[in-house]
Amino acid sequence: SQTIHQWPATLVQPVGSPLSLECTVEGTSNPNLYWYRQAAGRGLQLLFYSVGIGQISSEVPQNLSASRPQDRQFILSSKKLLLSDSGFYLCAWSDSGQGNQQHFGDGTRLSIL
Amino acid sequence: DAKTTQPTSMDCAEGRAANLPCNHSTISGNEYVYWYRQIHSQGPQYIIHGLKNNETNEMASLIITEDRKSSTLILPHATLRDTAVYYCIVRPYNAGNNRKLIWGLGTSLAVNP
């Protein structure tokens with residue numbers, strides 16, 4: 001069966017520090033991968049998606065970047081965090097040919113001080 | 001994509017059926033109705049999806065009106081663990097467009113003992 005791992009679960013970082021969040025998927029090949037952010041009391045906002053290694057599409061201009069160095073690895077990064085980067089970050093995957101059934105990790109709660 | 005409208009919040013007694021409505025009056029012929037739920041501080045969980053026929057799985061039933069302008073998610077015997085935010089999303093079942101799910105604020109369902 002397929003599983004998705006996302007870590008860390010919680011993170012507290014000072015303003016201006018770098019960020020690296022990692023997501024890995026097991027049990028499937030060539031998945032579509034996604035990074036979402038959810039602000040408190042808000043819906044999910046798609047940040048990045050990837051349909052293959054090295055292929056990243058950005059949905060909104062922002063202080064973050066994403067990379068996909070391996071088929072089942074998706075990384076969210078920042079060189080210098082802003083206060084506005086605080087939120088709940090979610091990684092998800094879907095089969096490339098299975099429509100919109102996305103499977104989510106447990107998320108990372110990021111607090112910027 | 002078609003827009004959905006859901007009540008902000010609902011209550012349900014434990015053991016009773018929870019009926020969550022969703023209005024999608026501008027839905028197109030190729031758009032499916034998807035339901036997800038998000039338990040507090042967790043990633044969203046896929047529940048069910050359908051096109052025009054009613055669907056049932058181990059989690060819930062989905063009833064879509066004949067004109068497809070609205071649907072109802074039914075949790076037949078709600079438990080306290082069903083307390084969550086429920087999202088109704090419409091989207092084409094198309095591998096080329098499957099990356100974007102537009103997430104609204106959903107319905108916050110509280111199951112009471």
Side-chain angles (χ1 to χ4, degrees), chain A residues 2-11 21 23 25 30-52 55-60 66 68 74 87-111, chain B residues 1-9 22 24 27-52 55 57-60 62 71 73 84-108:
Chain A
Q2 302 90 352
T3 56
I4 179 169
H5 303 280
Q6 190 179 344
W7 67 93
T10 59
L11 189 60
L21 300 180
C23 172
V25 180
N30 194 33
N32 292 333
L33 297 172
Y34 313 82
W35 278 112
Y36 288 88
R37 177 171 57 204
Q38 186 174 33
R42 306 290 295 274
L44 277 69
Q45 179 187 36
L46 180 63
L47 301 177
F48 300 96
Y49 70 91
S50 171
V51 299
Q55 301 179 61
I56 309 295
S57 295
S58 174
E59 289 297 302
V60 293
R68 184 171 178 173
F74 207 23
F88 190 43
Y89 288 82
L90 290 154
C91 181
W93 72 272
S94 69
D95 279 332
S96 57
Q98 199 182 2
N100 297 296
Q101 189 173 331
Q102 296 186 6
H103 308 273
F104 288 80
D106 290 331
T108 295
R109 191 160 301 281
L110 176 64
S111 299
Chain B
D1 297 341
K3 180 180 176 180
T4 63
T5 304
Q6 298 177 254
T8 302
S9 63
C22 180
H24 32 79
I27 192 170
S28 300
N30 67 337
E31 289 184 316
Y32 282 65
V33 181
Y34 288 79
W35 283 85
Y36 285 76
R37 74 179 182 183
Q38 186 176 22
I39 296 171
H40 183 63
S41 294
Q42 296 183 19
Q45 176 189 24
Y46 164 82
I47 301 173
I48 199 168
H49 74 278
L51 181 62
K52 54 184 178 181
E55 302 287 344
N57 63 20
E58 66 278 4
M59 291 183 68
L62 174 60
S71 61
L73 179 74
V85 178
Y86 287 78
Y87 297 96
C88 169
I89 302 168
V90 295
R91 198 70 178 87
Y93 191 92
N94 180 322
N97 287 315
N98 74 346
R99 58 186 180 273
K100 293 186 183 181
L101 293 176
I102 308 301
W103 299 78
L105 296 180
T107 296
S108 179

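Chain letters run A, B, ... following the sequence lines, proteins first, then strands; residues in each count from 1.
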Measuring from atom CG of Leu33(A) to atom CD of Gln55(A), what distance do you get when rounded to the nearest 0.5 angstrom?
11.0 Å
Side chain, backbone, both or neither: which part of Leu44(A) has a non-hydrogen atom closer than 4.5 Å to chain B?
both
Can you confirm whether or not the ring centre of Phe74(A) sits under 6.0 Å from the ring centre of Phe48(A)?
no
Most contact-rich option vs chain B, by heavy-atom pairs under 4.5 angstrom, among Ser50(A), Ala92(A), Gly43(A), is Gly43(A)
Centroid-centroid distance, Phe104(A) to Trp103(B), less than 6.0 Å
yes
For Gln6(A), is it the side chain, the backbone, both, or neither that has a heavy atom closer than 4.5 Å to a heavy atom of chain B?
neither
Distance under 6.0 Å and angle within 45° of ring axis: Arg109(A) vs Phe88(A)
yes
Heavy-atom cut-off 4.5 Å, strictly under: side chain, backbone, both or neither for Ser108(B) against chain A?
neither
